[in-house]
Amino acid sequence: MPEGHTVHRLAGALTELFSGQRPAVTSPQGRFSQGAERLTGRVALPAHAWGKHFFMPFSHDPAPVSLGDDGPDWLHVHLGLYGSWSFAGDRHFVAEDTIGAPRRRIGERESLGGVSDEWEPPEPRDTVRVRLAHEHGIADLTGPNQCQVLTGSDVRSIVSRLGPDPIRNDPGDRERFTSLVRRRRVPVGQLVLDQAVAAGPGNIYRADCLWRVGIHPLRPGNRVSEARLGLLWDDLVVAMREGVRDGFIQTNPLEFSPSDPADENDRRFAVYHRTGRPCWRCGTPVADSMLAGRRLFWCPGCQH
DNA sequence: ACGAAATGTCTAA
DNA sequence: TAGACCTTTCGTT
């Protein structure tokens, strides 16, 4: 369940755990054996994220590189709908158990941050596509949509097809986003999920950020004012950066007291997965429908 | 046991 | 628009 914030977080975690080292790369499942062989023995360098794409360079020498440089081989991972990384290791190896899908798998609590000296790598599940390993810990990747070794030129070609990433929010991105939306008649809710328009937002940020700025998701892109699209971009930047910081999505702006009876599951989001429940802002029941193959949630009362 | 759904994307028709 | 793909969990028989 990885939207862009998860991938940025992973880039940070894997950089911290493996950059500067020469991890053993294996494919317990066997479907990445060739790639694993190519990467083994090389120095892992700091990883990059752009939208939902993860890139980690593996080089013969430890000199720093930029995203898409020629020279290193690039590990490229797209988690898709349910890919995830799991971590386990000794006390020198600190990471969250699982990043990606909200599940715990290998290396659950008992082997994480465990006792200092006696750590042994756990047996991988038979679905583990890639394992990165060094003496203090392992990272296992399961269920990715894409996992491959690329050249710098391949990487540049992927990145060139991606729109601006709200988590990066580079100069000019705000204007780029608003102009990409305003030149099309497609519903704005569909454009927010188009990775060539904005790289990183998924179904939750789409639904909830549109709600937060009051835009109806079915409004055609060319009929949303420049000003409102600017506010939408700004809100994506804020919400997704909070996701990177916190490690989870918390898009409902309302605060609850610990004793509040509101359903725990219901508190987290604004409209996402809240069909039929009252809008936090106006009380109208939240609606849902399918749009271009994805479930869409919005409040018919206060989004226009 | 079985089916559906899940924070995604691609391809074919 | 439908189906394929990568995997797990959760609800229903």
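Chain letters run A, B, ... following the sequence lines, proteins first and then strands; every chain starts at 1. Bear in mind that the values here come from a model prediction, so they are computed numbers and not experimental data.
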Rounded off to whole Å, could you give me the [atom1]-to-[atom2] distance for the [X] and [N] pair?
X: A:N145; N: B:dT9; atom1: CG; atom2: C1'; answer: 6 Å
X: A:L79; N: B:dA6; atom1: CG; atom2: P; answer: 18 Å
X: A:L81; N: C:dT8; atom1: CG; atom2: P; answer: 13 Å
X: A:R294; N: B:dA5; atom1: CZ; atom2: P; answer: 14 Å
X: A:D288; N: B:dA5; atom1: CG; atom2: P; answer: 12 Å
X: A:H76; N: B:dC10; atom1: NE2; atom2: C1'; answer: 13 Å
X: A:D140; N: C:dT7; atom1: CG; atom2: C1'; answer: 14 Å
X: A:R161; N: B:dC10; atom1: CZ; atom2: P; answer: 8 Å

If you measure only the distance, is there a donor-acceptor pair under 3.5 Å linking the side chains of A:R129 and A:Q29?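 Side-chain D/A pair, A:R129 to A:Q29: present.
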For [X], which contact category applies under a 4.0 Å heavy-atom criterion: base, sugar-phosphate, or nothing?
X: A:N203; result: sugar-phosphate
X: A:H273; result: sugar-phosphate
X: A:R31; result: sugar-phosphate
X: A:Q146; result: nothing

If you only use heavy atoms from C-beta on, which nucleotide in C:dT7, B:dT9, B:dT7 is closest to the side chain of A:E3?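 Selected nucleotide (nearest to the side chain): B:dT7.
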Counting N and O atoms only, with roles assigned by atom type, does the side chain of A:N252 sit under 3.5 Å from a partner on the main chain of A:R267, one being a donor and the other an acceptor?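 Yes, A:N252 side chain to A:R267 backbone: donor-acceptor pair under 3.5 Å.
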For atom [atom1], what is the distance between [N] and [M], given to the nearest Å?
N: C:dC5; M: B:dA13; atom1: P; value: 14 Å
N: B:dA4; M: C:dA2; atom1: P; value: 15 Å
N: B:dT9; M: C:dT9; atom1: P; value: 22 Å

Please assess A:D70 against A:R156 for the test salt bridge (Lys or Arg N to Asp or Glu O under 4.0 Å), listing each intermediate value before the final yes or no. CA-CA 10 Å; A:D70 294 315; A:R156 295 195 297 277; 3.3 Å; yes
Would you say [N] has OP1 or OP2 under 4.0 Å from some side-chain N or O of [X]?
X: A:R125; N: C:dT7; result: no
X: A:H78; N: B:dT9; result: yes
X: A:T142; N: C:dT8; result: no
X: A:K52; N: B:dT9; result: yes

Show the numbers, then the answer: is there a ring pair (Phe, Tyr, Trp, His ring centres under 6.0 Å) between A:F55 and A:H76? CA-CA 5 Å; A:F55 304 98; A:H76 170 235; 5.0 Å; yes
Within 45° cone and under 6.0 Å: A:R274 NZ/CZ vs A:F297 ring: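 No cation-pi geometry.
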